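Report on the following structure.
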2 protein chains.
Amino acid sequence: MKRVIADVEEKLRAGEYKLTSRREHILRVLLENKDKHLSAEEVYNLVKKRAPDVGLATVYRTLELFLLFDIIHSIDFGDGRKRYEFCSSGTDGHHHHHLICTRCGKIIEVNEDLLEDLETRVSKEHDFKIENHQLKIFGTCRECTEKINK
Amino acid sequence: MKRVIADVEEKLRAGEYKLTSRREHILRVLLENKDKHLSAEEVYNLVKKRAPDVGLATVYRTLELFLLFDIIHSIDFGDGRKRYEFCSSGTDGHHHHHLICTRCGKIIEVNEDLLEDLETRVSKEHDFKIENHQLKIFGTCRECTEKINK
DNA sequence: GTGCATGCAAAGTCTTTGCAGGGAA
DNA sequence: TTCCCTGCAAAGACTTTGCATGCAC
């Protein structure tokens with residue numbers, strides 16, 4: 001954890017930005033909720049618990065900063081707000097696969113990268129230099145299927 | 001074209017809705033711009049050209065209606081607004097692959113469905129009943145790559 | 001002292017809702 | 001007449017911006 005924070009600090013420093021205490025709070029919240037896909041407001045509420053004098057604008061500005069430095073990614077599940085997740089190092093964000101249950105809203109992460117072949121093919125065919133991708137699969141999760149069948 | 005409109009009319013009728021003239025105008029705009037991924041406002045502006053007395057609210061309400069009946073799909077390219085595209089019949093919307101150029105914003109459609117294998121695997125592994133998917137690939141298009149290399 | 005960081009409130013953008021008028025069956 | 005459809009304006013949800021203060025170096 002400390003290692004990660006130090007890495008982020010260095011990244012920001014390289015761009016002439018500081019990891020202030022507020023920014024660190026925000027970073028910690030994101031780290032501790034890696035699997036949760038928090039919205040800006042959810043981050044804000046969690047940060048407030050440990051640093052009550054932080055403003056919502058700061059959260060937005062910090063998230064934007066983190067996005068700029070590829071410290072986090074934003075995703076959109078179609079519910080009208082952006083959600084954010086920390087980029088685990090080493091993967092370059094190349095594992096953004098989510099199963100979204102259209103009944104209960106649950107989001108299941110699929111962490112393997114299953115698209116290598118496909119990317120190679122598409123990239124060649126369209127002369128397109130791929131930087132990143134997002135795959136969202138909509139459907140019904142196990143629990144909801146069971147509920148329906150009862 | 002007329003065939004498609006008649007199909008839509010029937011779909012709506014089955015749900016006790018009518019294909020009014022305004023709705024038909026909106027549908028036509030969507031049909032004539034299948035490849036454009038229009039936003040609500042863009043639809044509104046195009047509709048206004050042929051039916052100047054249509055309100056923006058009606059466009060939103062109609063798009064919502066069409067979504068409900070799976071006549072169109074909505075996509076989000078991360079620019080803060082939803083975009084809509086007509087669902088070509090027969091494919092069940094299973095061809096939503098887009099290459100998004102992060103430099104010029106161009107969107108290239110990839111119309112084959114390349115995810116069958118992957119879906120089968122994921123579906124089994126997580127007991128997840130797949131209904132639909134969206135794949136967005138971010139990167140740099142041919143033209144922008146050329147510009148950079150100049 | 002200088003300059004970025006920040007809280008607060010205001011403004012902005014996209015979308016939805018309330019309401020009363022209008023039209024088709 | 002009845003009930004859905006619609007325009008307009010207002011409200012709502014999320015995000016960004018302006019500005020003056022504050023803090024670190």
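As a basis for the values below, the full set of heavy atoms in this structure was taken, side chains included, without hydrogen atoms, waters or symmetry mates. What you are looking at is a predicted structure, and each value in this text was computed from that prediction instead of being measured. All chains are named by letter (A, B, ...) in the order of the sequence lines, taking the proteins before the strands, and each is independently numbered beginning at 1.
Under the salt bridge (Lys or Arg N to Asp or Glu O under 4.0 Å) criterion, B:Arg142 pairs with A:Asp127, sequence neighbours left out. For the side-chain hydrogen bond (donor to acceptor under 3.5 Å, both in side chains) test, residues two or more places apart in sequence or in another chain that qualify with B:Asp7 are B:Arg3. Annotation: salt bridge (Lys or Arg N to Asp or Glu O under 4.0 Å) contacts of A:Glu9 (sequence neighbours excluded): A:Arg13. B:Asp79 meets the salt bridge (Lys or Arg N to Asp or Glu O under 4.0 Å) test with B:Arg83; sequence neighbours excluded. Among residues two or more places apart in sequence or in another chain, the side chain to side chain contact (heavy atoms under 4.5 Å, CB included) test is passed with A:Thr145 by A:Thr140, A:Asn149, B:Lys129. Residues satisfying the side-chain hydrogen bond (donor to acceptor under 3.5 Å, both in side chains) test with A:Asp117, not counting sequence neighbours, are none.
Taking atom CZ on B:Arg22 and atom P on C:dG22, their separation rounds to 12 Å, with Å as the unit. The nearest whole Å value for the distance from the OH atom in B:Tyr44 to the C1' atom in C:dT13 is 16 Å. Here C:dC4 presents its P atom at 9 Å from OH of A:Tyr17, a figure rounded to the nearest Å. Between the CD1 atom of B:Ile75 and the P atom of C:dC14 there is a distance of 17 Å, given to the nearest Å. Summarising the geometry, the separation between CG on B:Asp76 and C1' on C:dC14 is reported as 11 Å, rounded to the nearest angstrom. Distance, A:Leu63 CG to C:dA5 C1': 15 Å, rounded to whole Å. With rounding to whole Å, A:Arg83 atom CZ is found 9 Å from D:dT15 atom P. As a whole-Å value, the separation of B:Leu19 CG from C:dA24 C1' is 14 Å.
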Name each donor-acceptor pair under 3.5 Å that joins a side chain in residues 24-33 of chain A to protein atoms two or more places apart or in another chain, with its distance.
{"from": "A:Glu24", "atom 1": "OE2", "to": "A:Arg28", "atom 2": "NE", "distance (Å)": "3.2"}
{"from": "A:Glu24", "atom 1": "OE2", "to": "A:Arg28", "atom 2": "NH2", "distance (Å)": "3.1"}
{"from": "A:Glu32", "atom 1": "OE1", "to": "A:Arg50", "atom 2": "NH2", "distance (Å)": "2.8"}
{"from": "A:Asn33", "atom 1": "OD1", "to": "A:Lys36", "atom 2": "NZ", "distance (Å)": "3.1"}
{"from": "A:Asn33", "atom 1": "ND2", "to": "A:Val29", "atom 2": "O", "distance (Å)": "2.8"}

Sequence neighbours excluded and cut-off under 3.5 Å, please list the side-chain donor-acceptor pairs for residues 100-107 of chain A, or say none.
{"from": "A:Thr102", "atom 1": "OG1", "to": "A:Gly139", "atom 2": "O", "distance (Å)": "3.2"}
{"from": "A:Thr102", "atom 1": "OG1", "to": "B:Glu131", "atom 2": "OE1", "distance (Å)": "3.2"}
{"from": "A:Lys106", "atom 1": "NZ", "to": "A:Glu143", "atom 2": "OE1", "distance (Å)": "3.0"}

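For an aromatic pair to be called close, the ring centres must be under 6.0 Å apart, and B:His98 with B:Phe77 satisfies this.
Screening residues 41-66 of chain A for ring pair (Phe, Tyr, Trp, His ring centres under 6.0 Å) gives no qualifying pairs among residues at least two apart or on separate chains.
Less than 4.0 Å separates DNA chain C from at least one heavy atom of each of the following residues of residues 23-43 of chain B: B:Ala40.
The side chain of A:Arg81 lies closest to D:dA13, out of C:dA5, D:dA13, D:dT6.
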Would you tabulate the nitrogen or oxygen pairs shorter than 3.5 Å linking the protein to nucleotides 23-25 of chain D?
none

Within the sub-3.5 Å range, which N or O atoms of nucleotides 16-20 of chain C have a protein N or O partner, and how far apart are they?
{"from": "C:dG18", "atom 1": "O6", "to": "B:Arg61", "atom 2": "NH1", "distance (Å)": "3.4"}

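Between B:Asp53 and B:Arg22, at least one side-chain nitrogen of the basic residue sits less than 4.0 Å from a carboxylate oxygen of the acidic one, meeting the salt-bridge criterion.
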